[in-house]
Amino acid sequence: MIVAIDGPAASGKGTIARRLARYFGLPHLDTGLLYRATARVLIDEGGRLDDVEAAVAAARGLALTEFDEEKLRGREMGEAASVVGAIPEVRAALIDMQRHFTQHPSGAVLDGRDIGTIIAPQADVKIFVTASPETRAQRRALELRGRGEAVNYPDILDDIRKRDERDAGRSAAPLKPAADAEILDTTDLDIEAAFRAALAIVEKKRG
Ligand code: DC
């Protein structure tokens, strides 16, 4: 079974994907990490985020096993990932790795922006997770503070709005629900309720 979870930043899609994967015993790929790691390599090399050639080389050179999630989850890297994610050549360089992941014999759970539309249009279950920008900003601010980053809510809300605009407005694989995705709005749901709602969608699809 392939489960595609898409949605904007801090919608809850990552937590839902991780929990579904654990529940069904499936491997999970957080595809945002691929874009974050690509941006990280560029920044570490002192390069520019809009240097297409360097960004493609960085994307091609990624090794999933070497990801240091701690270094990739911060605010700066989320923004930078959104910038490199708008480069069509970078997206093209990351497609094979993601499609390969869907071919695991048991299936897989992937979360991102274009899983149901581009990476795995054949997915058995597609869920588009969303929530109001204000709720997402509150969650992201809490998460970043928990990681020791000093952030304030208005800045994070501004980040979220800009990121939504960039991710949904780009020409290459824009953030949007697949035609056959179920929409799950988590604005008024806590993590447990959001997971239960996602699980109900999966169970319904599996019949
Ligand atoms: O899911 P995330 O917040 O870790 O993603 C960071 C950025 O990476 C996101 O704003 C856009 C980009 N991204 C993408 O373009 N396509 C994906 N499948 C996943 C992430």
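Order of appearance sets the numbers: ligands from 1, and atoms from 1 within every ligand.
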Any chance you could measure Arg75, atom CZ, to Leu144, atom CG, to the nearest 0.5 Å? 8.0 Å

So for Glu79, does at least one of its heavy atoms come nearer than 4.0 angstrom to any atom of ligand 1? no

For ligand 1, does Arg170 get within less than 4.0 Å through its side chain, its backbone, both, or neither, judged by non-hydrogen atoms? side chain

Considering the heavy atoms of Lys13, write down every atom of ligand 1 situated less than 4.0 Å from one of them. 1 (O)

How long is the span from the CG atom in Leu94 to the CD1 atom in Ile87, to the nearest 0.5 Å? 10.5 Å

Contact atoms of ligand 1, heavy-atom distance to Gly112 under 4.0 Å: 18 (N), 19 (C)

Given Leu26 and His104, is the side chain to side chain contact (heavy atoms under 4.5 Å, CB included) satisfied, shown in steps? CA-CA 9 Å; Leu26 296 171; His104 193 275; over 6 Å; no

Per-atom filter on ligand 1: closer than 4.0 angstrom to a heavy atom of Arg36 are 2 (P), 3 (O), 4 (O), 6 (C)

Gly32 neighbourhood, listing ligand 1 atoms whose heavy-atom distance to it stays under 4.0 Å: 4 (O), 5 (O), 19 (C), 20 (C)

Would you say Arg91 touches ligand 1, if touching means a heavy atom closer than 4.0 Å? yes

Counting from 1, what ligand 1 atoms have a heavy atom of Asp167 closer than 4.0 Å? 9 (C), 10 (O), 11 (C)

Tell me the contacting part of Arg163 for ligand 1: side chain, backbone, both, or neither, using a 4.0 Å heavy-atom threshold, strictly below. side chain

Counting heavy atoms not belonging to Asp188, are there more than 12 under 6.0 Å from its CG? no

For Ala81, take its heavy atoms, then give the atoms of ligand 1 lying under 4.0 Å from any of them. 6 (C), 7 (C), 8 (O), 12 (C)

For ligand 1, find out whether one of its N or O atoms is nearer than 3.5 Å to an N or O atom of Asp111. no

Any nitrogen or oxygen of Asp30, side chain or backbone, less than 3.5 Å from one on ligand 1? no

